[in-house]
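Note sheet for the following structure.
All values derive from a computational prediction rather than experimental measurement. Each residue takes its place number in the sequence, starting with 1.
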Amino acid sequence: MGDPLVVHTPGDREIVLSRLFDAPVHLVFAAFTQPELLVRWYGARGWRLAECDVELRVGGRWRYVSLGPEGARMVQAGVYRQIEPPHLLVCTELFDDQSYPGETLVSHEFTELAGRTTVTTTLRYATPEGRDIVLRYPMVRGVGQSFTRLAELLHLTTTMRGETP
């Protein structure tokens with residue numbers, strides 16, 4: 001069901017996450033952009049999307065409200081900057097209770113080879129300090145768990161529906 005998450009820090013403001021999924025690019029892109037799919041996989045173990053608003057157009061807004069253990073709540077939102085289905089999705093990201101300065105620029109690249117898709121997500125923080133703060137969080141573990149849920153969803157989707165979400 002895909003490979004584990006690979007993490008790189010190529011610069012003092014970036015975190016690059018990549019993972020291979022056993023699904024065609026159009027399905028993986030759909031899973032990142034369609035609320036009815038996002039609510040099925042987005043979030044670390046124990047978390048779920050309670051609200052998922054996506055206005056998929058350049059300049060459109062997105063907003064996720066996640067609920068976690070012991071009543072924890074996390075709200076993140078942003079604006080879409082670039083959309084090139086099914087290969088590129090670029091947006092800003094800001095958390096309501098953010099502990100580091102500035103907006104983060106998030107770029108998801110989707111590359112298909114032989115029916116398998118690699119997702120490469122580059123997070124560019126406003127400051128090196130912001131990136132360092134995030135690296136101290138369990139963010140990498142959470143993204144890894146979330147991507148495992150995505151791999152399971154994509155496996156079910158391709159197996160049960162013949163590659164159509």
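The shortest heavy-atom contact between Ala50 and Leu67 is CB-CD1, 3.5 Å. Of all the heavy atoms in Ala31 and Leu150, the pair that sits closest is CB-CD1, 3.5 Å. In terms of heavy atoms, Pro69 sits closest to Gly46 at CD-O, 3.6 Å. What you find for Ser18 and Thr120 is that their closest heavy atoms are CB-OG1, 3.9 Å. What you find for Val140 and Leu5 is that their closest heavy atoms are O-CD2, 3.7 Å.
For Gln145, the side chain to side chain donor-acceptor pair (under 3.5 Å) test picks out no residue, with sequence neighbours left out. Among residues two or more places apart in sequence or in another chain, the ring pair (Phe, Tyr, Trp, His ring centres under 6.0 Å) test is passed with Trp41 by Phe32. Among residues two or more places apart in sequence or in another chain, the salt bridge (Lys or Arg N to Asp or Glu O under 4.0 Å) test is passed with Arg57 by Glu55. By the side chain to side chain donor-acceptor pair (under 3.5 Å) test, Glu84 is found to be paired with Gln82, residues two or more places apart in sequence or in another chain being considered. With sequence neighbours left out, His8 forms a side-chain contact (heavy atoms from CB on, under 4.5 Å) with Val6, Pro10, Val16. By the side-chain contact (heavy atoms from CB on, under 4.5 Å) test, Ala126 is found to be paired with no residue, residues two or more places apart in sequence or in another chain being considered. A search for ring pair (Phe, Tyr, Trp, His ring centres under 6.0 Å) contacts involving Phe95 returns nothing, not counting sequence neighbours. For the side-chain contact (heavy atoms from CB on, under 4.5 Å) test, residues two or more places apart in sequence or in another chain that qualify with Pro128 are Asp12, Arg13. In this view, Arg149 satisfies the side chain to side chain donor-acceptor pair (under 3.5 Å) rule with no residue, not counting sequence neighbours.
Residues Val106 and Thr92 fail the side-chain proximity criterion, which asks for heavy atoms closer than 4.5 Å. Inter-residue side-chain proximity for Leu89 and Leu56 is flagged as met; some heavy-atom pair is nearer than 4.5 Å. Here the side chains of Pro24 and Thr158 are in contact, with some heavy-atom distance below 4.5 Å.
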Q | Steps toward side chain to side chain contact (heavy atoms under 4.5 Å, CB included) verdict (Ile83, Leu88) | A | CA-CA 6 Å; Ile83 303 168; Leu88 182 66; over 6 Å; no

Q.
Run Val54 and Gln34 through side chain to side chain contact (heavy atoms under 4.5 Å, CB included) and show every step you take.
A. CA-CA 7 Å; Val54 173; Gln34 296 178 12; over 6 Å; no

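Residue pairs meeting the side-chain hydrogen bond (donor to acceptor under 3.5 Å, both in side chains) criterion with at least one member in residues 103-115, sequence neighbours excluded, are His108-Thr121. The side-chain hydrogen bond (donor to acceptor under 3.5 Å, both in side chains) contacts involving residues 61-72 comprise Glu51-Arg63, where partners must be two or more places apart or lie in separate chains. The salt bridge (charged side-chain N to carboxylate O under 4.0 Å, His left out) analysis of residues 88-101, with sequence neighbours excluded, yields no pairs.
The main-chain N or O of Gly142 is never found under 3.5 Å from a side-chain atom of Ser146 such that the two would form a donor-acceptor pair. Of the possible donor and acceptor atoms, none in the side chain of Thr118 sits under 3.5 Å from a partner among the backbone N and O of Arg19. Looking only at distances, a side-chain donor or acceptor of Gln98 sits under 3.5 Å from a matching main-chain atom of Gly102. Between the side chain of Arg131 and the backbone N or O of Gly11 there is at least one donor-acceptor pair closer than 3.5 Å.
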